[in-house]
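Taking it in order: structure first as structure tokens, then the write-up.
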Amino acid sequence: MKPELDLFASLKSLVSKIITPELNAWGVGDMSGEISLERPAMAEHGDLSLNIAMAAASRAGKPPRQLAEELLHALETDDRFGDLCSDVSIAGPGFINIFIADKALAEAVTGSLARGDDFGRGIPAGKRRILLEYVSANPTGPLHAGHARYAAYGDSLHRIISFAGDSVKTEFYINDYGSQMELFGRSLAARYAQALGADAELPEDAYKGEYLVAIAERIAADDGDRWLSTVLPEPGEEAVGHFSTTGSRLILEDIRVNLERFRVSFDSWFSEASLYENDHLGDVIRRLEASGDVYHKDGAIWLRTTRQGDDKDRVLVRKSGEPTYFASDIVYHQEKLSRGFDHLINIWGADHHGYVQRMKAAFSALAEDPGKLEIIIGQLVNVLEMGEKQQMSKRAGKMVTLEELLDSIGVDAARFFLVDRSHDSTLDLDLEKAKLKSEENPVYYVQYAHARICSILRKAAEDRVDSSPCKTTVLQPQERNLVLKLLEFPGIIQTAAATRGPHRLTAYMRELAAVFHVFYHKCPVLRAEPDQVSFRMDLCRLTGNTIRIALGLVGVSAPESM
RNA sequence: GCGCCCGUAGCUCAACCGGAUAGAGCAACGGACUUCUAAUCCGUAGGUUGCAGGUUCGAGUCCUGCCGGGCGCGCCA
């Protein structure tokens with residue numbers, strides 16, 4: 001976003017320019033990174049507030065208010081600053097409070113409006129290529145509420161980081177390899193036999209979910225009893241392979257369909273099994289050996305991850321000769337890097353947090369910078385039924401699926417709800433309550449503001465409202481509040497992206513909708529004084545654009561009427 | 001036992017790099033539609049930010065120790 005179109009950003013750089021000589025004169029060293037303009041909680045404290053005098057006080061060895069006086073003088077005598085600001089004063093322990101001129105605010109609205117759907121978009125940031133991996137489920141069952149949370153979070157993060165200016169691709173890692181897949185194949189084979197009326201028993205610890213019955217019936221319908229002799233009394237290796245492959249393909253298709261309905265899309269889908277089509281594992285192990293941290297013990301191959309701070313060393317290849325999931329993951333991450341990505345973001349559930357250290361250690365062993373690997377731990381979702389916590393288990397088939405969530409509360413409410421709180425907090429989800437909540441979900445509050453704006457603009461077009469150009473340079477308090485809230489948007493985008501926190505955006509939308517609703521009640525638009533109509537329509541347009549953009553960044557629709 | 005996350009209004013949650021009088025929504029109570037959408041707005045009430053120390057101009061935020069809850073500590077994934 002061009003600086004002159006982001007009033008807050010350009011004010012910040014102007015203030016920095018003005019006060020830097022003063023800071024230098026105090027001999028406090030480089031404090032340029034600490035200069036920040038904040039929006040005070042209270043209107044009396046100005047539109048923007050500068051706290052650098054207090055931050056510098058101890059290093060300068062002078063009282064903060066005295067320093068503030070010097071900065072105030074520098075600001076007051078600067079012509080450019082005088083053009084943009086109507087007042088500046090010192091308050092409290094040494095805050096410098098800045099009041100922006102109404103004229104500058106009105107011009108910023110015009111400039112922001114001209115950016116259309118790009119209002120708030122950041123400047124493309126260099127050549128860094130990011131790969132964001134999330135959801136990454138076993139294709140052994142439908143996605144559940146926990147996956148839904150990470151899907152909503154990850155997809156929103158993708159949209160936000162991209163909008164903020166970084167280049168991000170997304171990937172779904174399909175865990176279609178290993179013992180869980182074999183167990184899945186055996187479970188499905190038994191269901192298949194049962195579907196054909198045979199007396200087959202599910203293996204121990206089997207996937208017991210009802211969805212497997214439906215899949216087995218479908219395979220029975222497609223293939224008839226062709227496989228029956230190979231699965232009884234015990235399924236052979238070939239049959240297990242067939243059922244796990246066929247079953248996972250069908251489940252993956254179901255996963256794709258539901259994610260698409262959830263407005264979550266991936267640039268690529270990567271199969272773990274495909275890692276074994278060539279000897280990538282051997283290549284990676286040879287590479288790890290160069291670190292000197294690979295050793296053999298008890299018939300297995302180990303990586304000395306303790307050298308990088310892990311609790312214990314980890315097995316790469318079992319004594320059976322099968323690679324561990326850890327080994328797969330190292331190969332996978334090596335593969336990601338070799339595709340040219342230089343920053344990898346993974347979203348993992350809290351139940352995998354113990355895995356972070358060993359993965360970082362693996363990066364070190366590969367002679368890669370562990371800083372290239374950013375792992376975001378998302379806390380879990382508790383599903384409550386009648387207030388009772390339910391254990392979610394894919395194998396036991398006990399879970400609330402993404403599909404059920406969408407059927408009961410809809411895409412918009414589900415996405416807003418799941419992303420509206422920090423990923424760092426455990427989320428309680430009571431499906432019955434969530435259904436009730438759909439009526440009072442804050443998403444409707446935000447969407448309603450958008451619909452209301454559209455309604456005004458429709459009416460303006462119908463009535464051919466006559467609006468002469470804006471002459472007023474004095475804004476009503478409600479207009480000021482709305483403009484100031486709108487101008488926060490570019491900064492909110494940057495913060496949400498940098499802190500990986502989409503919930504900041506939903507919180508912002510609620511605030512924006514609130515100040516708009518207040519504006520709506522106090523400031524008529526179409527029936528305003530003739531020279532005010534044009535500016536108020538601009539305010540409506542810019543608010544509408546901003547809500548639409550913000551909702552879009554969390555994958556929620558912006559209805560034109562409700 | 002060790003590691004990570006969390007503890008804020010009755011409930012669900014915010015609070016930017018440590019900023020001024022800790023904010024929203026829901027629930028409760030009282031008001032506002034002959035008007036550009038009342039899915040809205042205005043008002044009232046609601047707090048020792050789990051507890052105890054420490055750091056400093058200033059702590060919900062940082063440090064230490066407790067208490068409580070979640071998750072993990074496999075040659076499962």
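Here is the naming used below: chain letters follow the sequence lines, and residue numbers restart at 1 for every chain.
- Rounded to whole Å, the separation between the C1' atoms of B:A39 and B:G23 comes to 23 Å.
- Remark: B:G72 base-pairs with B:C2. Criterion, Watson-Crick or G-U wobble with two distances under 3.5 Å.
- Residue A:Ala57 is classed as having no contact, given no heavy-atom separation below 4.0 Å to the nucleic acid.
- Nearest to the side-chain atoms of A:His352 among the listed nucleotides B:U40, B:A77, B:C36 stands B:A77.
- Within 4.0 Å of A:Pro64, counting heavy atoms only, lies no atom of the nucleic acid at all.
- Across all strands shown, nothing is found opposite B:U56 as a Watson-Crick or G-U wobble partner with both distances under 3.5 Å.
- Regarding contacts with the backbone of B:C33, every side-chain N or O of A:Tyr520 stays at 4.0 angstrom or more from both OP1 and OP2.
- Rounded to a whole Å, the CD atom of A:Glu44 is 13 Å from the P atom of B:A20.
- Within the nucleic acid shown, A:Ser36 comes within 4.0 Å of at least one base atom, counting heavy atoms only.
- If you check B:C6, B:U40, B:C71 against the side chain of A:Asp424, the one that comes closest is B:C6.
- Aromatic pair A:Tyr134/A:Tyr153: centroids not less than 6.0 angstrom apart.
- The residue A:Asp298 sits close to a base: some heavy atom pair falls under 4.0 Å.
- Here the P atom of nucleotide B:U56 and the CE atom of A:Met54 are 17 Å apart, to the nearest Å.
- The shortest distance between the side-chain N/O atoms of A:Arg421 and the OP1/OP2 oxygens of B:U8 is not below 4.0 Å.
- Of all nucleotides listed (B:A77, B:C57, B:U40), B:U40 comes nearest to the side chain of A:Tyr448.
- In this structure, A:Leu505 places its CG atom 14 Å from C1' of B:A14, rounding to the nearest Å.
- The shortest distance between side-chain heavy atoms of A:Ile174 and A:Leu252 falls below 4.5 Å.
- With respect to A:Glu488 and A:Lys485, a salt bridge is recorded, a charged nitrogen being found less than 4.0 Å from a carboxylate O.
- Taking atom P on both nucleotides, B:C71 is separated from B:A38 by 46 Å, rounded to a whole Å.
- Closest contact between the side chain of A:Gln379 and the listed nucleotides B:A20, B:C76, B:G70 involves B:G70.
- We find that CD of A:Glu38 is positioned 11 Å from C1' of B:A20, with the value rounded to whole Å.
- Two residues, A:Ala41 and A:Cys523, neighbour RNA chain B, and the one matched to the more 5' nucleotide by heavy-atom proximity is A:Ala41.
- Here the nucleotide nearest the side chain of A:Glu272, chosen from B:A77, B:A39, B:A20, is B:A77.
- Donor-acceptor pairing under 3.5 Å, judged by distance alone, is present between the side chain of A:Asn51 and the base of B:G19.
- Nucleic acid contact class of A:His517 (heavy atoms, under 4.0 Å, all strands): sugar-phosphate only.
- Of the candidate nucleotides B:G19, B:C71, B:C75, B:G19 has the atom nearest to the side chain of A:Pro93.
- B:U37 atom C1' lies 12 Å from atom CZ of A:Arg527, rounded to whole Å.
- Separating the CD1 atom of A:Ile90 from the P atom of B:A20 is a distance of 18 Å, rounded to the nearest angstrom.
- Within the nucleic acid shown, A:Val525 comes within 4.0 Å of at least one base atom, counting heavy atoms only.
- Side-chain proximity of A:Ser561 to B:U37, B:U40, B:C75: nearest is B:U37.
- Remark: A:Arg536 is not in phosphate contact with B:C36, judged by side-chain N or O atoms under 4.0 Å from OP1 or OP2.
- A salt bridge is defined here as a Lys NZ or Arg NE, NH1 or NH2 lying under 4.0 Å from an Asp or Glu carboxylate O, and A:Asp313 with A:Lys297 fails to meet this definition.
- Counting any heavy atom pair closer than 4.0 Å across all strands shown, A:Leu526 reaches a base atom.
- In this structure, A:Phe417 places its CZ atom 12 Å from C1' of B:C26, rounding to the nearest Å.
- Using a 4.0 Å cut-off, some side-chain N or O of A:Arg504 falls inside it from OP1 or OP2 of B:A15.
- A cation-pi contact links A:Arg452 to A:Tyr520, judged by a cut-off of 6.0 Å to the six-membered ring centre and 45° from its axis.
- Across the interface with RNA chain B, nearest-nucleotide mapping of A:Ile456 and A:Asp313 shows A:Ile456 to be the residue nearer the 5′ end.
- Look at B:C51: its glycosidic torsion is beyond 90° from 0, and that puts it in the anti range.
- Ring-base stacking between A:His503 and B:A14 is not satisfied when judged by a centre separation under 5.5 Å and a plane angle under 30°.
- In this entry B:U37 has no Watson-Crick or G-U wobble partner, no candidate having both defining distances under 3.5 Å.
- An aromatic stacking contact between A:Tyr445 and the base of B:G25 is absent, as defined here by ring centres under 5.5 Å apart and ring planes under 30° from parallel.
- Regarding A:Glu511, its CD atom lies at a distance of 9 Å from the C1' atom of B:A14, rounded to whole Å.
- Candidate nucleotides B:A14, B:U37, B:C73 were compared by shortest atom distance to the side chain of A:Ala507, and B:A14 ranks first.
- The C1' atoms of B:U55 and B:C63 are separated by 7 Å, rounded to the nearest whole Å.
- Salt bridge present: A:Glu133 and A:Lys336 bring a charged side-chain N and a carboxylate O closer than 4.0 Å.
- Spacing between B:C11 and B:U48 at atom P, rounded to whole Å, works out to 13 Å.
- Look at A:Lys312 and you'll find a side-chain N or O under 4.0 angstrom from OP1 or OP2 of B:G74.
- Among B:C36, B:A39, B:A14, the nucleotide with an atom closest to any side-chain atom of A:Ser455 is B:C36.
- Looking at heavy-atom distances under 4.0 Å, A:Gly94 makes no contact with the nucleic acid at all.
- Out of B:A77, B:U35, B:U37, the shortest distance to the side chain of A:Tyr355 is found at B:A77.
- Pair assignment for B:C66: B:G50, on the basis of Watson-Crick or G-U wobble contacts that are both within less than 3.5 Å.
- Considering only side-chain N and O atoms, A:Tyr325 lies nowhere under 4.0 angstrom from the phosphate OP1 or OP2 of B:A77.
- Between the side chain of A:Asp176 and the base of B:A77, no donor-acceptor pair under 3.5 Å is found.
- At the phosphate of B:C73, neither OP1 nor OP2 sits under 4.0 Å from any side-chain N or O atom of A:Arg358.
- Judged by Watson-Crick or G-U wobble contacts below 3.5 Å, the nucleotide B:C26 has B:G10 as its partner.
- With a cut-off of 3.5 Å on both pairing distances, B:U21 has no Watson-Crick or G-U wobble partner at all.
- Contact check on A:Asp310 versus A:Lys360 returns no salt bridge, with no Lys/Arg side-chain nitrogen under 4.0 Å from an Asp/Glu carboxylate oxygen.
- Its glycosidic angle being more than 90° from 0, B:C66 falls on the anti side.
- In the interface, the side chain of A:Ser49 is paired with the base of B:A20 through a donor and an acceptor atom under 3.5 Å apart.
- Checked for salt-bridge contact, A:Glu479 and A:Lys522 miss the test: no charged N lies under 4.0 Å from a carboxylate O.
- Comparing B:G46 with B:C4, their C1' atoms sit 34 Å apart, to the nearest whole Å.
- Residues A:Phe516 and A:Phe519 place their aromatic rings such that the two centres sit under 6.0 Å apart.
- A:Lys319 comes within 4.0 angstrom of a base, heavy atoms only.
- For A:Tyr173 and A:Tyr332, the ring centers sit closer than 6.0 Å to each other.
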